[in-house]
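A, B, ... follow the sequence lines: proteins, then strands. Residue 1 opens every chain.
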2 protein chains.
Amino acid sequence: MKKESEELVGVKEIARRANVSIATVDRVLHDRPGVSLKTKEKIQQIIKELNYQPNIVARTLASRKKLKFAIIIPASSEETSYWKAPLDGVLQAEQELRQYGISVEKYLFDQNNRKTFVKQSATLLQQKPDGILLAPMFVEESNQFMQQCREQSIPVVFINSDLPGQSGLAYFGPDLYQSGYLSAHLISYLVRPSDSILMLHITRELEMDHHLLRKEEGFRAYWQQQGYTHELITLHIGQTDTETIRHHISRQLKNSSIRVLFVTNSRVAAVAKVLEELDRTDLLLIGYDFLEDSIAYLKKNVIDFLICQKPQEQAYLGMMALYDKLVLNQPVKSVHFMPIDIITRENHLFYNN
Amino acid sequence: MKKESEELVGVKEIARRANVSIATVDRVLHDRPGVSLKTKEKIQQIIKELNYQPNIVARTLASRKKLKFAIIIPASSEETSYWKAPLDGVLQAEQELRQYGISVEKYLFDQNNRKTFVKQSATLLQQKPDGILLAPMFVEESNQFMQQCREQSIPVVFINSDLPGQSGLAYFGPDLYQSGYLSAHLISYLVRPSDSILMLHITRELEMDHHLLRKEEGFRAYWQQQGYTHELITLHIGQTDTETIRHHISRQLKNSSIRVLFVTNSRVAAVAKVLEELDRTDLLLIGYDFLEDSIAYLKKNVIDFLICQKPQEQAYLGMMALYDKLVLNQPVKSVHFMPIDIITRENHLFYNN
DNA sequence: GATAATTTCGTGTACGTACCCGAATATAAG
DNA sequence: CTTATATTCGGGTACGTACACGAAATTATC
């Protein structure tokens, strides 16, 4: 009963009740000028009373304005195909949003070269998009970029990592600290009191250390809270080639008490390769991200666990947040931590990246 | 360039090219009678050439038909609040689908009383819904229900468990076998060679054994493949009250080699309660589902892992599958296994049920 | 070959909202 | 009080599709 009446209210009914035309109601709805204060208030009153909900379908159809979104994220490289997943998420969102007259322009940069980011971000801004999805890999450059976006009042959504102190529209990504904390818990089940743990940060870009160190923090926090006394070796490897990694690892493994290797990013596949070559697949190996290479090693039991945080969904939801904000005019929650998923040999087939 | 031209094609353009009216194109699009074979083929040809994509927004707005969906699932009970999550998923879908003129009627039954299912399903069918979401708890009764749906050609989507041999539109739920298999893997990390494992099926309804036994199958398969020789005790508890559970468990725990308890459904919280009372929180406890009670014990470290398969999403996606099929006329994949999520003390905060 | 029955097709309106354009009214300027 | 200017409003069309209704063309019937 009540529902019925609620369903049927449209601008027409409001106009009838207020003794005005549809156009005037529309002006009030969109806060456009040309309405006297008196009638405006009367109409707003009626809108409230009827609990009017605009028909999004009709609105979309009638609306002429074609929005333009832009994304700027790292390109998927030979080094890691991680960024393929977020791009897929963007593509999926684009597919769905096309219906609503939204186009998406894509700008990719090299995550090992901050100049490419600066260049791409400049070209992006020339296109004057209505909303931006940003993976802020380079803190300083991203901050400058944000400054310009603010001047042009373009809303920006962050994915993958946050930009502290910046007022983006929203953040979709992992809680890095908790992620490390969880890894520690997982590993605590796997080690015997006398075992040592080798934590590996494998990255060329010092910039990224911010990520990895945050994970390490979480890890150490757990370890300390539990009062564990296992030997915990941290190693930073600045080169990502197999050679270098093997060199470092085989040296470390002379310490025979090492039983668990924890790689703080997607380079875990490279470590797996080395372990396989060294015939040390008996060691427990834990790393990040649902990449093809890693999955292969997961299947072969070289990698034991992968931790993953839905990279595709991060991007997809980020795009949708822009849509919610700019089209539906809905409020958007500013922080969305992704689930921390644990992938094993058994459940990987069912994982939706 | 190419995109532009693709965007702009509508029925109007097709009609122009075919030298017919919009209405005729519409008839072909909907395969309605009243078009000569010759013109029909010509129009279909043009549609293909232009790769015409109907404008869903306009279609929805113009379409008068109001679809009615119905769901029939167990009610959330004091015994387990599991079914609250699927209902939430339904509610969320309802919210989104309301825009498109779709209403949802909800029929809940008592999962301990098959007569309530029969009764509710009969009332449901009288409403002649256009699509149905079904949790087929009672195999025989569900089969009969499906028979009627088939006669009335109403598409049915299954959630939570499949109905083997029935031709539903789709299934959204766990792969029970793999779920048990994964649990086994997880547990294999936790046990020492001399430990015993206690597997608990706690349920009043024999019917449900189908679920639980399938999980046990998966579990045993892993154990056998690995050649493990741990003692594996299986116990079926037919009462769900704490009293009975405590009785059984304390008796089993006289076997001091038991170190891991694996509860094959959401009743794990009851076991946790017992373990806490018996002051045996040192034991490892693994169970199913993301319920409030269980989470509390997870936080207190009484429960170590929960395995969860997105009950809310099952229902949500199931509803959307009906929409895809009936409104968008899109093909629907017939089996959708949910991810097998592992919940711990650390990641539970970020889990989206 | 005329009429009836049937098939095939086009015209026009509706869905609910956006927004252009010009009319009506109110206010200011002379 | 007239004319000019600004303000406030309503009529009407468009968005792309669905579908009722009736007109035209075809085929069947005698």
How many Å lie between CG on B:Asn55 and P on D:dC15, as a whole number? 12 Å
From the list D:dC15, C:dA14, D:dG11, which nucleotide is the closest neighbour of the side chain of B:Ala62? C:dA14
Atom pair CE/CG of A:Met338 and A:Leu317 - distance to nearest 0.5 Å: 5.0 Å
Determine: side-chain N/O of B:Ser36 to OP1/OP2 of C:dC9, distance under 4.0 Å, yes or no. yes
Rounded to the nearest 0.5 Å, how far apart are CG of A:Asp26 and CD1 of A:Ile22? 9.0 Å
Can you find a heavy atom in the side chain of A:Ile102 that is under 4.5 Å from one in the side chain of A:Val327? yes
Does D:dC9 have its OP1 or OP2 closer than 4.0 Å to a side-chain nitrogen or oxygen of A:Thr39? yes
How long is the line joining CD of A:Gln99 and P of D:dG16, in whole Å? 12 Å
Considering just the side-chain nitrogens and oxygens of A:Arg32, establish if one lies under 4.0 Å of OP1 or OP2 belonging to C:dC19. yes
Whole-Å distance, B:Tyr100 OH to D:dA18 P, equals 16 Å
Heavy atoms under 4.0 Å, any strand shown: does A:Val20 hit a base, just sugar-phosphate, or nothing? sugar-phosphate
Whole Å only: how far is the NZ atom of B:Lys65 from the C1' atom of D:dT17? 12 Å
Which part of the nucleic acid does B:Asp26 contact within heavy-atom distance under 4.0 Å: base, sugar-phosphate only, or nothing? base
Most 5' of A:Leu29 and B:Ile22 on DNA chain C, judged by nearest nucleotide: B:Ile22
Is there a side-chain polar atom (N or O) of B:Thr24 under 4.0 Å from OP1 or OP2 of C:dG10? yes
Hey, is the side chain of B:Tyr52 poking within less than 4.0 Å of OP1 or OP2 on D:dG16, counting only N and O atoms? no
Short side-chain N/O contact from B:Arg59 to OP1 or OP2 of D:dA18, under 4.0 Å: yes
For B:Pro33, report the nucleic acid contact type (base, sugar-phosphate, nothing); a contact means any heavy atom under 4.0 Å. nothing
Separation of B:Asn19 atom CG from C:dT8 atom P, in whole Å? 19 Å
Output the rounded distance in Å from CZ (A:Arg16) to C1' (D:dG11). 19 Å
Parallel, tilted or perpendicular: which one describes the rings of A:Phe172 and A:His336, with boundaries at 30° and 60°? parallel
Decide yes or no on side chain to side chain contact (heavy atoms under 4.5 Å, CB included) for A:Gln152 and A:Leu125, but give the supporting numbers first. CA-CA 9 Å; A:Gln152 306 186 27; A:Leu125 278 177; 4.2 Å; yes
Do the rings of B:Phe350 and A:Phe337 sit parallel, tilted or perpendicular, given the 30° and 60° boundaries? perpendicular
When rounded to whole Å, the CG to P distance for the pair B:Leu61 and C:dT13 reads 18 Å
Nearest listed nucleotide, side chain of A:Ala23, among C:dC20, D:dT17, C:dA18: C:dC20
Among the candidates C:dC19, D:dC9, C:dG10, find the nucleotide nearest to the side-chain atoms of A:Arg27. D:dC9
For A:Ile56 and C:dT17, what is the distance between atoms CD1 and C1' respectively, to the nearest whole Å? 11 Å
